[in-house]
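Data first, discussion second: the structure below is written as C-alpha cells.
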Amino acid sequence: MAFSSSMVINVTFLMFVLLMGTSSAQLSTNFYFKTCPKLLSTVKSVVNSAVSKEKRMGASLLRLHFHDCFVNGCDGSILLDDTSSFKGEKTARPNNGSVRGYNVIDDIKSKVEKICPGIVSCADIVAIAARDSTVYLGGPSWDVKLGRRDSKTASLAKANSGVIPPPTSTLSNLIKRFKARGLSAKDMVTLSGSHTIGQARCTSFRNRIYNETNIDSSFAKTRRRSCPRATGSGDNNLAPLDLQTPTFFDNKYYKNLINQKGLLHSDQILHNGGSTDSLVEKYSTNAKTFYSDFAAAMIKMGDISPLTGSKGQIRKNCRKPN
Ligand code: HEM
Ligand SMILES: *[C@@H]1O[C@H](CO)[C@@H](O)[C@H](O)[C@H]1NC(C)=O
Ligand SMILES: *[C@@H]1O[C@H](CO)[C@@H](O)[C@H](O)[C@H]1NC(C)=O
C-alpha cells in the first residue's frame with residue numbers, strides 16, 4: 001500500500017497534536033540528571049534494604065503508586081497525613097488499613113533531602129520505588145519518567161468515589177475505571193499482573209471463597225481456613241494474591257486464573273468467559289510478553305495527570321504540604 005506525502009504529513013501532524021495534548025509532555029527520564037545525580041542509586045538502596053527485610057514491602061510500594069495515580073493523578077496526594085483540619089486519602093475505603101509503605105517513602109525522602117534538598121518530589125520517589133520494587137522481586141525494569149510535582153492537597157471524597165475500583169467490580173467496571181485514566185482494557189489486565197506479588201485481607205475476598213462458583217474447590221477450602229465466614233471475624237487475616245510465588249514477580253498470577261485460583265473476584269473475572277480471557281491465556285504462557293507489556297503499562301500509568309512546571313510544590317516532608 002502506498003502512502004501519499006500529504007497523508008504522511010497529516011499523520012505526522014496528528015501525532016504532534018496528540019503529543020502536545022498529553023499532560024505529561026514535560027516528564028522525562030533525565031529530569032534530575034544534573035540536579036540530583038545520585039537520586040536513582042539512593043532510592044534503590046533504600047528500597048532494596050526494605051524489601052530484603054520484608055518481601056511484601058515490594059508489593060506494597062508498587063500498589064502505593066497505583067493508588068496515588070488513580071486519584072487526581074500521580075501527585076503524591078496519598079502520602080498526606082490527616083490533621084485536625086484536613087482529611088486526606090489515607091482513610092479512604094481502598095486505602096485504610098491496607099495501603100502500606102509510607103515509612104519507606106519517608107526514609108527515602110529524608111535521604112534524598114540530604115543529598116539534594118528541595119529538588120525531588122515525593123510523587124517521583126513513589127514512582128521510582130514502584131519500579132525498584134518490581135525489579136528487586138524479579139520483574140521487568142523500565143526507565144521511570146520524572147518531573148512530577150507534589151500536590152498541596154488530597155481528596156478523600158475522590159479516593160472514596162470508586163475511581164480505584166473495588167475487588168467486587170464487574171469486568172466492565174474495571175475496564176471503565178481504567179479507561180477513565182487513559183488506560184486500555186489491555187493495560188488493566190496487564191497491570192492486574194501486579195497481583196503476582198503481595199497479600200490481601202480476608203475482607204477483600206470473603207464473598208468469593210464462600211459464595212462464588214468459578215473457584216477451584218480445594219483452593220476455596222484452603223482459603224476458608226484462615227478467613228472465617230462471619231463478617232467482623234478475621235477481617236484482616238492475610239492470604240497471598242498469588243498462591244504459588246507471592247514474593248516473586250512472574251506470570252503465575254495468570255496461570256492461577258486459568259485454574260480458577262484467582263483470589264479476588266476482580267482477578268478471576270479477567271478469565272471468566274469474557275473479552276479478556278485470551279490476553280490472560282497469552283500472558284500465562286508468555287512471560288516475556290507480559291514483562292514488556294507490564295513495563296509499558298507502568299510508564300503509561302505514571303503519566304496520569306502529573307503536576308508539572310510551577311504547579312504544586314516539592315514537599316519537604318511527604319506527609320504534609322510545605
Ligand atoms: C484492576 C483493578 C484492581 C483491583 C480491583 C485491585 C484490588 C486490590 C485489593 C482488594 C487488594 C488487597 C487489599 C487488601 O485486602 O488489603 C490489592 C492488593 C494489591 N494490589 Fe491491586 N487491584 C487492582 C489493580 C492493581 C494495580 C493496577 C496494581 C499495580 C500497578 C495493583 C497492585 C497491588 C499489589 C502489589 C497488591 C498487594 C499489596 C500488599 O501486599 O501490600 N493492583 N489490590
Ligand atoms: C480505618 O481503620 C481503622 C482500623 O484499622 C478503623 O479504626 C477506622 O475506623 C477506619 N476508618 C475508616 C474511615 O474507615
Ligand atoms: C453470600 O451471599 C449471600 C447472599 O448474597 C450474602 O448474604 C452472604 O453475606 C454472602 N456470604 C459471604 C461470606 O460473603
Side-chain angles (χ1 to χ4, degrees), residues 51 54-70 74 82 87-102 104 126-127 129-131 133-134 137 139 142 156 159-160 162-171 173-179 181 183 185-213 220 223-224 227-242 246-247 249 253 262-270 276 294-295 297-302 304:
V51 182
E54 189 211 1
K55 294 284 177 62
R56 186 189 172 197
M57 189 51 73
S60 304
L61 291 169
L62 175 57
R63 185 171 184 233
L64 188 58
H65 185 39
F66 164 50
H67 283 215
D68 182 26
C69 293
F70 266 55
C74 314
D82 288 1
K87 278 241 168 302
E89 294 164 18
K90 286 184 175 176
T91 59
R93 226 172 302 110
N95 300 336
N96 192 38
S98 176
V99 166
R100 31 203 314 282
Y102 302 116
V104 178
V126 170
R131 188 271 313 271
S133 294
T134 303
L137 297 176
W142 59 91
L156 174 62
N160 266 329
V163 291
I164 299 170
T168 50
S169 294
T170 59
L171 181 58
N173 187 57
L174 295 176
I175 293 172
K176 177 180 109 177
R177 294 305 188 172
F178 277 66
K179 198 166 228 172
R181 292 293 171 268
L183 299 169
K186 180 183 175 182
D187 294 327
M188 186 275 291
V189 173
T190 309
L191 291 171
S192 292
S194 296
H195 292 175
T196 186
I197 53 175
Q199 307 273 321
R201 293 162 304 158
C202 165
T203 184
S204 299
F205 58 83
R206 178 181 279 127
N207 184 61
R208 167 152 175 76
I209 60 174
Y210 286 101
N211 273 341
E212 295 189 350
T213 52
R223 287 291 165 264
R224 284 178 202 149
C227 180
R229 182 188 295 267
T231 303
S233 88
D235 285 3
N236 295 322
N237 294 356
L238 295 172
L241 284 156
D242 167 8
T247 61
F249 194 104
Y253 168 80
L263 184 63
L264 306 177
H265 173 83
S266 54
D267 292 326
Q268 195 59 57
I269 208 69
L270 305 182
T276 53
F294 186 82
M298 285 298 294
I299 293 169
K300 222 169 140 181
M301 188 177 88
I304 300 173

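Counting starts at 1 for both ligands and their atoms, in listed order.
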Quiz prompt | Under-4.0 Å heavy-atom contact with ligand 1, by part of Val99 that carries it | solution = neither
Self-check item: Which residue and heavy atom of the protein sit nearest atom 35 (C) of ligand 1, plus the separation
Solution: Ala59 O, 3.1 Å
Quiz item: Which residue supplies the protein heavy atom nearest to atom 36 (C) of ligand 1, what is that atom called, and how far is it?
Solution: Arg63 CD, 3.6 Å
Self-check item: Student check: side-chain heavy atoms of Leu263 and His195 closer than 4.5 Å
Solution: no
Practice problem: Mark yes when over 12 heavy atoms from residues, nucleotides or ligands other than Lys300 sit less than 6.0 Å from its NZ; otherwise mark no. | Solution: yes
Quiz item: Applying a 4.0 Å heavy-atom criterion (strictly less than), which segment of Ser60 is in contact with ligand 1: side chain, backbone, both, or neither?
Solution: both
Quiz item: Who's touching ligand 3 if we go heavy atoms under 4.0 Å?
Solution: Arg206, Asn207, Tyr210, Asn211, Arg229
Practice problem: For Gly198, counting its heavy atoms only, list the atoms of ligand 1 lying under 4.0 Å from any of them. | Solution: 37 (C), 40 (O)
Quiz item: Which is closest to atom 7 (C) of ligand 1 by heavy-atom distance: Arg201, Arg100, His265, His195?
Solution: His195
Practice problem: Check each atom of ligand 1 against the heavy atoms of Ser98 and keep those under 4.0 Å away; list them by number with element. | Solution: 13 (C), 14 (C), 16 (O)
Quiz item: Are any of the side-chain heavy atoms of Phe205 and Asp267 separated by less than 4.5 Å?
Solution: no
Self-check item: Phe178 touching ligand 1 at heavy-atom level, < 4.0 angstrom
Solution: yes
Exercise. Decide yes or no for Arg100 and Glu54: does some side-chain heavy atom of the first lie under 4.5 Å from some side-chain heavy atom of the second?
Key: yes
Quiz prompt | Which segment of Pro166 sits under 4.0 Å of ligand 1 when only heavy atoms are counted | solution = backbone
Quiz prompt | Validation row: Thr231, Arg206 side chains within 4.5 angstrom (heavy atoms) | solution = yes
Practice problem: Would you tell me whether Gln268 and Arg208 have side-chain atoms, one donor and one acceptor, within less than 3.5 Å of each other? | Solution: yes
Quiz item: Within a radius of less than 6.0 Å around CZ of Arg224, do more than 12 heavy atoms belonging to other residues, nucleotides or ligands occur?
Solution: yes
Quiz prompt | Top protein contact for atom 24 (C) of ligand 1, by heavy-atom distance | solution = Phe66 CE2, 3.4 Å
Quiz item: Distance from Phe178 atom CZ to Asn173 atom CG, nearest 0.5 Å?
Solution: 10.5 Å
Quiz item: Got a second to check how far Ile197's CD1 is from Leu241's CG, nearest 0.5 Å?
Solution: 9.5 Å
Quiz item: What atoms of ligand 1 come within less than 4.0 Å of a heavy atom belonging to Ser192?
Solution: 1 (C)
Practice problem: Heavy-atom contacts with Thr91 under 4.0 Å: which atoms of ligand 2 show up? List them by number with element. | Solution: 13 (C)
Self-check item: Candidate with minimal heavy-atom separation from atom 28 (C) of ligand 1, of Gly58, Pro94, Ser194
Solution: Ser194
Quiz item: Of the protein's non-hydrogen atoms, which lies at the shortest distance from atom 12 (C) of ligand 1, and what is that distance?
Solution: Ala200 CB, 3.5 Å
Practice problem: Find the distance between CZ (Phe294) and OG (Ser194) and round it off to the nearest 0.5 Å. | Solution: 3.5 Å
Quiz item: Which atoms of ligand 1 are found less than 4.0 Å from any heavy atom of Leu241?
Solution: 18 (C), 19 (C), 36 (C), 37 (C)
Practice problem: Look up atom OG in Ser169 and atom CD1 in Ile269, then write down how far apart they are to the nearest 0.5 Å. | Solution: 9.5 Å
Quiz prompt | N/O separation below 3.5 Å, Ser266 to ligand 1 | solution = no
Quiz item: Taking C-beta and beyond as the side chain, do Asn95 and Lys90 meet within less than 4.5 Å on heavy atoms?
Solution: no
Quiz item: Going from CG on Asn207 to SG on Cys202, what distance comes out if it is rounded to the nearest 0.5 angstrom?
Solution: 11.0 Å
Quiz item: Any donor and acceptor pair, going by atom type alone, linking the side chain of Asn160 with main-chain N or O of Ala92 inside 3.5 Å?
Solution: no
Exercise. Give the numbers and elements of all ligand 1 atoms closer than 4.0 Å to a heavy atom of Arg56.
Key: 39 (C), 40 (O), 41 (O)
Exercise. Mind checking the CZ-SG spacing from Arg181 to Cys69? Nearest 0.5 Å is all I need.
Key: 10.0 Å
Quiz item: Where on Leu174 is there a heavy atom closer than 4.0 Å to ligand 1, on the side chain, on the backbone, on both, or on neither?
Solution: side chain
Practice problem: Indicate, as side chain, backbone, both or neither, the part of Ser204 found under 4.0 angstrom from ligand 1 when only non-hydrogen atoms are considered. | Solution: side chain
Self-check item: Check: His67 and Glu89 side chains under 4.5 Å, non-hydrogen atoms
Solution: no
Quiz item: Is it true that Pro165 lies under 4.0 Å from ligand 1, counting heavy atoms only?
Solution: yes
Exercise. Heavy-atom contacts with Leu264 under 4.0 Å: which atoms of ligand 1 show up? List them by number with element.
Key: 7 (C), 8 (C), 9 (C), 10 (C)
